[in-house]
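All remarks here apply to the structure that follows.
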Amino acid sequence: YRWIYQSFLIILVTSFVSFGVKKLFDHLSKVAKRTRTFWDDLIINSARRPVRMFIWVNGMLWATEVVRQVSNEPIFDVIDPIREVSFIVIFAWFMTQLINRGEVTVQNPDNLEKPMDPTTASALGKLLRLSVLITTGLVVLQTLGFSVSGVLAFGGIGGIAVGFAARDMLANFFGGLMIYLDQPFRVGDWI
């Protein structure tokens with residue numbers, strides 16, 4: 001029954017490490033608030049929960065490895081793919097947290113001399129989040145052994161077909177995008 005004690009010890013160490021990392025992030029947050037830049041606050045606050053989740057997932061998987069040595073059941077073969085996918089998903093979580101907090105931060109006049117208007121910040125935030133989610137999905141599929149090249153080729157061909165079918169809609173979209181980028185008027189103006 002040594003594996004029970006080892007698993008318990010691993011979970012106990014994981015909880016202590018998680019608590020230590022929480023205290024470290026609390027200290028780093030206090031130090032970052034004293035600086036003039038907002039990037040350190042942004043990164044520290046965005047990484048706090050994903051790093052702790054990473055510690056817990058790896059601790060649980062390490063304890064599962066100990067149990068795997070005792071029992072060679074086929075269900076334990078999913079430990080390595082879970083480890084790889086969880087790292088990718090946790091990193092994507094960190095990136096979306098960073099984008100969400102950055103979207104709010106760049107609108108604050110205390111952080112920038114010329115803050116970004118809310119509409120532009122929202123549009124850029126949505127675009128960046130969408131790109132992170134699509135990239136994460138493709139990387140997870142590649143990690144699990146699926147061929148992503150077929151998905152990308154189908155997406156390219158489908159994009160061309162949709163482009164020809166929706167020519168007028170795309171013309172209106174790009175016309176609206178040009179008006180949005182030129183910004184001849186702002187939110188709240190009477191037209």
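If you're wondering where the values come from, they're calculated on a predicted model, not measured in any experiment.
Enclosure of atom CZ in Phe25 by more than 12 non-hydrogen atoms of other residues, nucleotides or ligands within 6.0 angstrom is indicated. Crowding of Trp62 atom CH2: a count of heavy atoms from other residues, nucleotides or ligands under 6.0 Å not exceeding 12.
With rounding to the nearest 0.5 angstrom, the CG atom of Asn45 is 9.0 Å from the OG1 atom of Thr105. Of the inter-residue distances, the one linking Gln97 atom CD with Leu42 atom CG reads 10.0 Å to the nearest 0.5 angstrom. Atom CD1 of Ile11 sits about 6.0 Å away from atom CH2 of Trp56, to the nearest 0.5 Å.
Both Leu24 and Val51 belong to a common hydrophobic cluster when Ile, Leu, Val, Met, Phe, Trp and Tyr are linked at side-chain heavy-atom distances under 4.5 angstrom.
The backbone N or O of Thr14 sits nowhere less than 3.5 Å from a side-chain atom of Ser18 that would complete a donor-acceptor pair. Remark: side-chain polar atoms of Ser71 are not paired, donor with acceptor, to backbone N or O of Arg68 under 3.5 angstrom. Panel note: side chain Ser131, backbone Leu128; a donor-acceptor pair is recorded below 3.5 Å. Side chain of Gln107 to backbone of Glu103: a donor-acceptor contact under 3.5 angstrom is found.
Residue pairs meeting the salt bridge (Lys or Arg N to Asp or Glu O under 4.0 Å) criterion with at least one partner in residues 31-55, sequence neighbours excluded, are Asp26-Arg48.
Aromatic ring orientation, Phe91 versus Phe87: parallel (interplanar angle below 30°, classes split at 30° and 60°).
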